[in-house]
2 protein chains.
Amino acid sequence: MDTKKVEKIAKALADPNRLLILKELRKNQDCLYCSDMYEFIDLTQPSISHHLKQLSDAELVIPVKEGRYVKYHLNAAMIDQYVEFLQTLKS
Amino acid sequence: MDTKKVEKIAKALADPNRLLILKELRKNQDCLYCSDMYEFIDLTQPSISHHLKQLSDAELVIPVKEGRYVKYHLNAAMIDQYVEFLQTLKS
DNA sequence: TAGACGTATTGAAATGTTTCGATAGATTAA
DNA sequence: TTAATCTATCGAAACATTTCAATACGTCTA
C-alpha cells in the first residue's frame with residue numbers, strides 16, 4: 001500500500017462522524033442507506049454526503065446505487081490492508 | 001480504547017511527515033534523537049518538534065530525556081491497541 | 001411529462017492544522 | 001559563570017477541513 005493511500009485512509013479515519021458511520025455500518029450488517037444516517041449523525045445532508053465521499057474515496061466504504069437511493073457497504077478488505085501497513089511500522 | 005483516543009491516534013497517523021518519522025524509527029531500532037530527524041525531514045526544528053509532540057500526545061512515541069537530548073521511542077503497544085480497535089469495525 | 005424525493009455539488013464562513021521566525025528553557029562545555 | 005547546544009513554545013501566516021444554505025442532478029411516481 002503506497003503512502004498516498006495510507007494517508008487518505010488515515011485521514012478518513014480521523015473524524016468522529018466518519019468513525020460513527022463505520023461503527024453503525026458494522027451494526028447494520030455492513031450496509032446502510034444514506035438516508036439512514038440522519039438518525040445517528042447530527043449534521044445536514046450535504047455534510048453527511050461529504051463524509052461519505054471521504055470514506056468512499058478512501059475505499060473504506062463502497063457506494064452502490066439502487067435507484068435514487070445509495071447503499072453504502074463497509075469494505076473490510078481495505079481495513080485489513082491498512083492494518084497490514086500499520087504492522088509494518090513495528091519491527 | 002475510547003473514541004477520543006482513537007481520534008487522536010488516527011490524526012497523528014494522518015500526516016506524511018509523521019509517518020516518515022515512524023518509518024525511520026522502525027529502521028533505527030525504534031529510537032531516534034530529535035536531532036537525527038533533520039536528515040530525512042525537510043522542515044525546520046519547531047515544525048519537527050510540533051510533529052513529535054503530536055506523536056507523543058497520541059502515545060505512538062515515547063520521549064525519554066537524556067541530558068539536553070531527547071530520545072524518541074516507538075510505542076508498538078499503542079499501534080497494537082489501535083489495530084485492535086480497527087478490527088472491531090469489522091463484523 | 002411534471003412534481004416529489006434522495007443524493008451530490010457549489011460556494012462561502014468557521015474552524016483546525018501546518019509551518020516558520022523569534023525566543024525561551026534546560027543542559028553541557030569551556 | 002558564560003557561551004554554546006538542543007529542544008520546546010509562542011505568535012502569526014498559509015493552507016486544509018468541516019459545515020451549511022442554495023442548488024443541481026437522477027430517479028421514481030402520479
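In what follows, every chain begins at residue 1, and chains take the letters A, B, ... in the order their sequences are listed. Values below: every heavy atom of this structure, side chains too, minus hydrogens, waters and symmetry copies.
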For B/H50, enumerate each residue passing the side chain to side chain donor-acceptor pair (under 3.5 Å) test, keeping only those at least two apart in sequence or located in another chain. none
Return the set of residues passing side chain to side chain donor-acceptor pair (under 3.5 Å) with B/T44 (not counting sequence neighbours), or none when no residue passes. B/S47
Phosphate-side-chain proximity, B/Y72 and D/dA8, N/O vs OP1/OP2 below 4.0 Å: yes
Spacing of A/Y33 atom OH relative to D/dT27 atom P, expressed in whole Å: 16 Å
Rounded interatomic separation in angstrom, taking NZ from A/K53 and P from D/dT18: 13 Å
Got a sec, which residues hit salt bridge (charged side-chain N to carboxylate O under 4.0 Å, His left out) with A/E84, two or more places apart in sequence or on another chain? none
From CG of B/D36 across to P of D/dT5 the rounded distance in Å is 17 Å
Name the pairs: protein N/O against N/O of nucleotides 12-14 of chain D, kept only if under 3.5 Å.
none

Looking at B/S49, does any N or O in its side chain come under 4.0 Å of the phosphate oxygens OP1/OP2 on D/dT9? no
Through direct or indirect side-chain contacts below 4.5 angstrom among Ile, Leu, Val, Met, Phe, Trp and Tyr, which residues connect to A/Y33? A/Y69
Could you check how far OH of A/Y69 sits from P of C/dT7, rounded to whole Å? 7 Å
Counting just side-chain N and O atoms, does B/S35 come under 4.0 Å of either OP1 or OP2 of D/dT5? no
More than 12 non-hydrogen atoms from neighbouring residues, nucleotides or ligands closer than 6.0 Å to CD on A/E39, yes or no? no
Indicate every side-chain donor-acceptor pair of residues 3-10 of chain B with a distance under 3.5 Å to a residue at least two apart or in another chain.
{"from": "B/T3", "atom 1": "OG1", "to": "A/K23", "atom 2": "NZ", "distance (Å)": "3.3"}
{"from": "B/K5", "atom 1": "NZ", "to": "B/A58", "atom 2": "O", "distance (Å)": "3.3"}
{"from": "B/K5", "atom 1": "NZ", "to": "B/E59", "atom 2": "OE1", "distance (Å)": "2.4"}

Length of the CD-P vector between A/E7 and D/dA16, whole Å: 12 Å
Apply side-chain contact (heavy atoms from CB on, under 4.5 Å) to B/N17 and list each qualifying residue two or more places apart in sequence or on a separate chain. B/D15, B/I41, B/L43, B/H51
Measure CE/A/M37 against C1'/D/dT19 and give the value in whole Å, please. 18 Å
Going 5' to 3' along nucleotides 17-25 of chain C, which nucleotides have protein heavy atoms under 4.0 Å from the base (write B), which only from the sugar-phosphate (write S), and which from neither (write -)? SSBBBB---
Distance-only criterion, 3.5 Å: show the donor-acceptor pairs between side-chain atoms of residues 24-32 of chain A and protein atoms not counting sequence neighbours.
{"from": "A/E24", "atom 1": "OE2", "to": "A/K27", "atom 2": "NZ", "distance (Å)": "3.2"}
{"from": "A/R26", "atom 1": "NE", "to": "B/T88", "atom 2": "O", "distance (Å)": "2.7"}
{"from": "A/N28", "atom 1": "ND2", "to": "A/E24", "atom 2": "O", "distance (Å)": "2.7"}
{"from": "A/D30", "atom 1": "OD1", "to": "B/S91", "atom 2": "OG", "distance (Å)": "3.0"}
{"from": "A/D30", "atom 1": "OD2", "to": "B/S91", "atom 2": "OG", "distance (Å)": "3.4"}

Provide a list of protein-nucleic acid N or O atom pairs under 3.5 angstrom, restricted to nucleotides 26-30 of chain C.
{"from": "C/dA26", "atom 1": "O3'", "to": "B/K65", "atom 2": "NZ", "distance (Å)": "3.3"}
{"from": "C/dT27", "atom 1": "OP1", "to": "B/K65", "atom 2": "NZ", "distance (Å)": "3.4"}

Name all residues meeting the side chain to side chain donor-acceptor pair (under 3.5 Å) criterion together with A/D36; count only those two or more places apart in sequence or in a different chain, and write none if there are none. none
Using 0.5 Å steps for rounding, measure from the CD atom of A/Q45 to the CE atom of A/M37. 12.0 Å
All pairs passing side-chain hydrogen bond (donor to acceptor under 3.5 Å, both in side chains) where residues 71-81 of chain B contributes a residue, at least two apart: A/K90-B/D80
